[in-house]
Asker: 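What follows is a single structure, and I will ask about it in a moment.
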Amino acid sequence: NLLACSQTAKPANQQSWQTQIQGGSRQSPIDIRSSESVHDPQLTPLSISYDPSDCLQIWNNGDSFLVEFDDSKDNSVVSGGPLENHYKLKQFHFHWGAENNRGSEHTINSLVYPAELHLVHWNAEKFRTFDEAIFSENGLAVIGVFLKLGRKHDGLQKLVNALPAVKYKDSTVEFSNFNPSCMIPSCLDYWTYPGSLTTPPQTESVTWVIMKKPIEFGDDQLSAFRSLLFTPFGEKLENMVDNFRQQQPLMNRVVRATIL
Ligand SMILES: NS(=O)(=O)c1ccc(C(=O)NCc2ccccc2F)cc1
Ligand SMILES: [Zn+2]
């Protein structure tokens, strides 16, 4: 089992205070160096299809806000690309900074984005539940999409309008008829690599698919993310910001890239 611990012998590029999973060889996030990625002609386009009627609720879990989906049917799935099986959408969430110069978990040639979207899917062909998949090889597929500041994102506004209802940790609000496809870039080029969850238990069960092109959203929409709280009602107010993990060593991994 994976125990988080402060590492004793640190690889050169490892921050000293960073907890590194003991024996972890495929931790996330990473800095993607495009010149070192391998163009793989066998990487086909992702096949993504989401059913907005599967959207159930928004939950502030104290790390981020999760938009949760009904994964009892087979309507919201991703397959193709590096994936051997079809994976069901369980939830999506974001990571962002207190200021615009930080926020994303992955970086591209050390370039940081102000926010990053994670669409979390689990391998429903090999496992019976999400909780089983999270601890298993090839259990999860997470699609990462970078967000950059620019024009307001019209599709995102419906979600932004619901955030005040989940301001506090452990609050939830009903949220339906939202299609996450509106947050997938039109260019389906991506990088892919084997990694982990970026929050505890940081299990090494994730096939990461990072879209090459960012989507745009507005300052006011990012401000709405920053108005959420890490803390429950009645406790000291702590704005939910800087909920991203530091980049982890690539170790013995290759990042593959599409040529679409
Ligand atoms: N940021 S990310 O890498 O996309 C990420 C995705 C999902 C989780 C998650 O479901 N944790 C809760 C959880 C559920 C079940 C069992 C253990 C867990 F930690 C954590 C991080
Ligand atoms: Zn995440």
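As a basis for the values below, the full set of heavy atoms in this structure was taken, side chains included, without hydrogen atoms, waters or symmetry mates. We count ligands from 1, going down the list as the structure has it; atoms in each ligand are counted the same way.
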Asker: Quickly, which of V112, V145, I210, L117 forms a side chain to side chain contact (heavy atoms under 4.5 Å, CB included) with S104? Name it, please.
Answerer: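 Going through V112, V145, I210, L117 one by one, the side chain to side chain contact (heavy atoms under 4.5 Å, CB included) with S104 is satisfied by V112 alone.
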Asker: What part of W122, side chain, backbone, both or neither, has a heavy atom within less than 4.0 angstrom of ligand 1?
Answerer: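 Under 4.0 Å from ligand 1, W122 contributes no heavy atoms.
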Asker: Classify the side-chain pair N85/N123 by whether it contains a donor and acceptor separated by less than 3.5 Å.
Answerer: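 Result is yes, a qualifying pair exists.
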Asker: For T107 and D31, test the side chains for any donor-to-acceptor distance below 3.5 angstrom and give the result as yes or no.
Answerer: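 A pair is found: one side chain offers a donor N or O, the other an acceptor, under 3.5 Å apart.
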Asker: So is D131 polar-close to ligand 1, meaning N/O to N/O under 3.5 Å?
Answerer: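 For ligand 1, there is no N or O atom that lies under 3.5 Å from one belonging to D131.
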Asker: So which protein heavy atom does atom 19 (F) of ligand 1 come closest to, and at what separation?
Answerer: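 For this ligand atom, the closest protein heavy atom is P201 CD, 2.8 Å.
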Asker: May I ask you to identify, for P200, whether its side chain, its backbone, both or neither come under 4.0 Å of ligand 1 on a heavy-atom basis?
Answerer: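 The backbone, only.
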Asker: Go through ligand 1 atom by atom and flag the ones less than 4.0 Å from a non-hydrogen atom of F130.
Answerer: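 Checking each atom against F130, I get 10 (O), 14 (C).
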Asker: Report yes or no: does a heavy atom of W208 sit under 4.0 Å from some atom of ligand 1?
Answerer: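 W208: in contact with ligand 1 (<4.0 Å).
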Asker: Report the angle formed at the Zn ion (ligand 2) by atom ND1 of H118 and atom NE2 of H95, rounding to the nearest 10°.
Answerer: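 If I round to 10°, I get 100°.
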Asker: For ligand 1, which atoms have a heavy atom of V120 less than 4.0 angstrom away?
Answerer: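 Going through ligand 1 atom by atom, the ones under 4.0 Å from V120 are 4 (O), 6 (C).
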Asker: Would you say the side-chain atoms of H93 and D63 include a donor-acceptor pair closer than 3.5 Å?
Answerer: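 No, D63 and H93 have no side-chain donor paired with an acceptor closer than 3.5 Å.
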Asker: Ligand 1 versus K90, non-hydrogen atoms closer than 4.0 Å: side chain, backbone, both, neither?
Answerer: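 For K90, there is no contact with ligand 1 at all, from either part.
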Asker: Do Y193 and S28 pair up side chain to side chain, a donor and an acceptor below 3.5 Å, judged on atom types alone?
Answerer: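 There is such a pair (donor and acceptor under 3.5 Å, judged by atom type) between the side chains of Y193 and S28.
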Asker: Give the residue, atom name and distance (to 0.1 Å) of the protein heavy atom nearest atom 20 (C) of ligand 1.
Answerer: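 Scanning the protein heavy atoms, the shortest distance from atom 20 (C) of ligand 1 goes to T199 OG1, 3.2 Å.
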Asker: Would you say the ring centroid of F178 lies under 6.0 angstrom from that of F92?
Answerer: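 Between F178 and F92, the centre distance is under 6.0 Å.
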Asker: Nearest protein heavy-atom contact for atom 3 (O) of ligand 1: which residue, which atom, what distance?
Answerer: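 So the nearest neighbour among protein heavy atoms is T198 N, 2.9 Å.
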Asker: Does R245 come within less than 4.0 angstrom of ligand 1, counting non-hydrogen atoms of the residue?
Answerer: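 So R245 does not count as touching ligand 1.
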Asker: Could you check which of Q91, H95, E132, E116 puts a non-hydrogen atom nearest to atom 7 (C) of ligand 1?
Answerer: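 The residue whose heavy atom sits nearest atom 7 (C) of ligand 1 is Q91.
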Asker: So, is the end of the K167 side chain (NZ or CZ) under 6.0 Å from the ring centre of F233 and within 45° of the ring's axis?
Answerer: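 Cation-pi check for K167 and F233: fails.
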Asker: May I ask you to check whether W208 and H106 place their ring centers less than 6.0 Å from one another?
Answerer: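 Centroid separation for W208 and H106: below 6.0 Å.
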Asker: Distance to 0.1 Å, residue and atom name: give those for the protein heavy atom nearest to atom 9 (C) of ligand 1.
Answerer: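 Heavy-atom neighbour on the protein nearest atom 9 (C) of ligand 1: I134 CD1, 3.8 Å.
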Asker: Backbone N or O of Y190 within a donor-acceptor pair of the T258 side chain at under 3.5 Å?
Answerer: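 Yes, the answer is positive, given that a donor and an acceptor are paired below the 3.5 Å cut-off.
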Asker: For atom 5 (C) of ligand 1, which of L66, N243, L197 has the closest heavy atom?
Answerer: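 Heavy atom nearest to atom 5 (C) of ligand 1 belongs to L197.
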Asker: Is it the case that more than 12 heavy atoms not belonging to K148 sit under 6.0 Å from its NZ atom?
Answerer: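 Incorrect, the count does not exceed 12.
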